[in-house]
Number of protein chains: 2
Amino acid sequence: MATRTDAPTRREQILKEAARLFAERGFHGVGVDEIGAAVGISGPGLYRHFPGKDAMLAELLVGISGSLLTGAKRRLAEAEGVAGPEAVLDSLIEGHIDFALDDRPLITLHDRELDRLRDSDRKLVRQLQRQYVELWVGVVREVYPSAPEPAARSAVHSVFGLLNSTPHLTRPGALPGRSATAALLHRMARGAFAAIEEH
Amino acid sequence: MATRTDAPTRREQILKEAARLFAERGFHGVGVDEIGAAVGISGPGLYRHFPGKDAMLAELLVGISGSLLTGAKRRLAEAEGVAGPEAVLDSLIEGHIDFALDDRPLITLHDRELDRLRDSDRKLVRQLQRQYVELWVGVVREVYPSAPEPAARSAVHSVFGLLNSTPHLTRPGALPGRSATAALLHRMARGAFAAIEEH
DNA sequence: CAGGGAGGTTAGCGGTCGTTAACCTGAAGG
DNA sequence: CCTTCAGGTTAACGACCGCTAACCTCCCTG
């Protein structure tokens, strides 16, 4: 998989703009004409690239869940043996923060429009999400062995909520710069996890 | 304001069911017929109680933001002088957790459907939200005086994300019970705030 | 016991939206 | 040079949805 430097294809443009619009106004709140207009073609021209509006949302959500899981697996494999569980957890957090900061609209969609999918697609996305969560839970339980599994799972969901809050705080972009924000989020996530263990 | 023991009025039933449906399927994803059916009347009967579908959403969102702010102000006033800033922060966290656990659909709506409001209503809601955030920021800065204001504000938004994650974790209801969940969320919120200060 | 308002009902209008149909065009390939 | 096809276009259809109109039926009250 080479690092892409090519110009984005029309199909990719459409997906990107659709993600932005869906995140801004909701799946049902955006018409196909608007999506088309956002990439310079109009309305039904989209059907040369996608079988329907639903298919765009499906591809977006499956893509998100897939790359989150793939990235997490890669980070876990890279750290295997050579690093302790704390470093692995840090790596997972870092990956999730990068995603939350770079693909804000996708993060928004990811927990907002899942129910608008066809049954089969929704099942797939949920399965990918579940694997992602369980991967985190495993690592968290290595770092905090005294934490019972349900608490660890709740904690993971809550930290996702914390990290995924980025869309809310960057209205004017007047926040302390990307790296400082990432560092703050990272520390807060670790601080939240550290509170799993009572006292 | 007496504690209400009376049966809920038809109007309140409608608001409650509308909140649930809007949270489940999005504002545009729910038809007035469905809302009517959820309270046992059908379709246009709703217009005896509300001027339109938008008005239901507006009343819900203004109500949420208002009661969050009112509750926070009350807690702040009660603790004035008699308690240190840490206790005030704990009280704010407790209030927000109660709300997140008891009114899950409203919490979901609150940061999801704001853009579907008329301009004037949206402005009002945003102003209430801003006051709520600033109230938290003030308390947080008392507890952590070394934290710069932008960091404190980002932290507050992130902790809201953490606390508002409750809708995600209660799919089957097989989580460790309400009080244990509340305690875990509370500890995590404090742990996250504690990480504001570097090192 | 008349009458009126609160709170429903069903029928239907007007607009919007996803999708399809039919047609056009420019560039690549034999 | 003719063909083909990818990638557009506009027109239009059918479904759905928010809302209004018109009507009906209790129940309360003077």
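Below, read A as the first sequence line, B as the second, and so on, with proteins coming before strands; counting in each chain starts at 1.
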Point to revise | First-last contacting nucleotides on DNA chain D - partner chain A, under 4.0 angstrom, heavy atom | key: dG7(D) to dA11(D)

N/O donor-acceptor pairs under 3.5 Å from side chains in residues 92-101 of chain A, not counting sequence neighbours:
unit_1	atom_1	unit_2	atom_2	d
H96(A)	ND1	Y132(A)	OH	2.7
H96(A)	NE2	N164(A)	OD1	2.8
D98(A)	OD1	R178(A)	NH2	2.7

Review point. For the helix from dC1(C)-dG30(D) to dG30(C)-dC1(D), what is the angle between the axes at its two ends, each from 5 pairs, rounded to 10°?
Key: 0°

Point to revise | Qualifying residues under side chain to side chain donor-acceptor pair (under 3.5 Å), relative to D90(A), sequence neighbours excluded | key: H186(A), R190(A)

Point to revise | Where chain B begins and ends its contact with DNA chain C, read 5' to 3' at 4.0 Å from heavy atoms | key: dG7(C) to dA11(C)

Point to revise | Strand contacts (DNA chain D) in residues 36-48 of chain B, 4.0 angstrom heavy-atom criterion | key: P44(B), Y47(B), R48(B)

Point to revise | Test: R20(B) and E24(B) ion pair at under 4.0 Å | key: yes

Check your understanding: Hey, are R116(A) and E113(A) close enough for a salt bridge, meaning a charged N less than 4.0 Å from a carboxylate O?
Key -> yes

Exercise for review: With sequence neighbours excluded, tell me which residues meet side chain to side chain donor-acceptor pair (under 3.5 Å) with H49(B).
Suggested key: none

Exercise for review: State which residues pass side chain to side chain donor-acceptor pair (under 3.5 Å) with R130(A); sequence neighbours excluded, sorted by chain then number.
Suggested key: none

Review point. For R153(B), which residues count as a side-chain contact (heavy atoms from CB on, under 4.5 Å) partner, sequence neighbours excluded?
Key: V133(B), E134(B), V137(B), E149(B), H157(B)

Point to revise | Under the ring pair (Phe, Tyr, Trp, His ring centres under 6.0 Å) test, residues paired with F27(B) that sit two or more places apart | key: F22(B)

Revision key, fill the gap. Residues at least two apart in sequence or cross-chain that pass side-chain contact (heavy atoms from CB on, under 4.5 Å) with T108(B), listed by chain then number, are A23(B), R112(B), P167(B)

Review point. With a 4.0 Å cut-off, would you call E78(A) and R75(A) a salt bridge?
Key: no

**Study point:** salt bridge (Lys or Arg N to Asp or Glu O under 4.0 Å) contacts in which one or both residues fall within residues 45-64 of chain B, not counting sequence neighbours
**Key:** R11(B)-E59(B)

Practice item. Drop me the distance from L60(A)'s CG to S65(A)'s OG, to the nearest 0.5 angstrom. Key: 10.5 Å

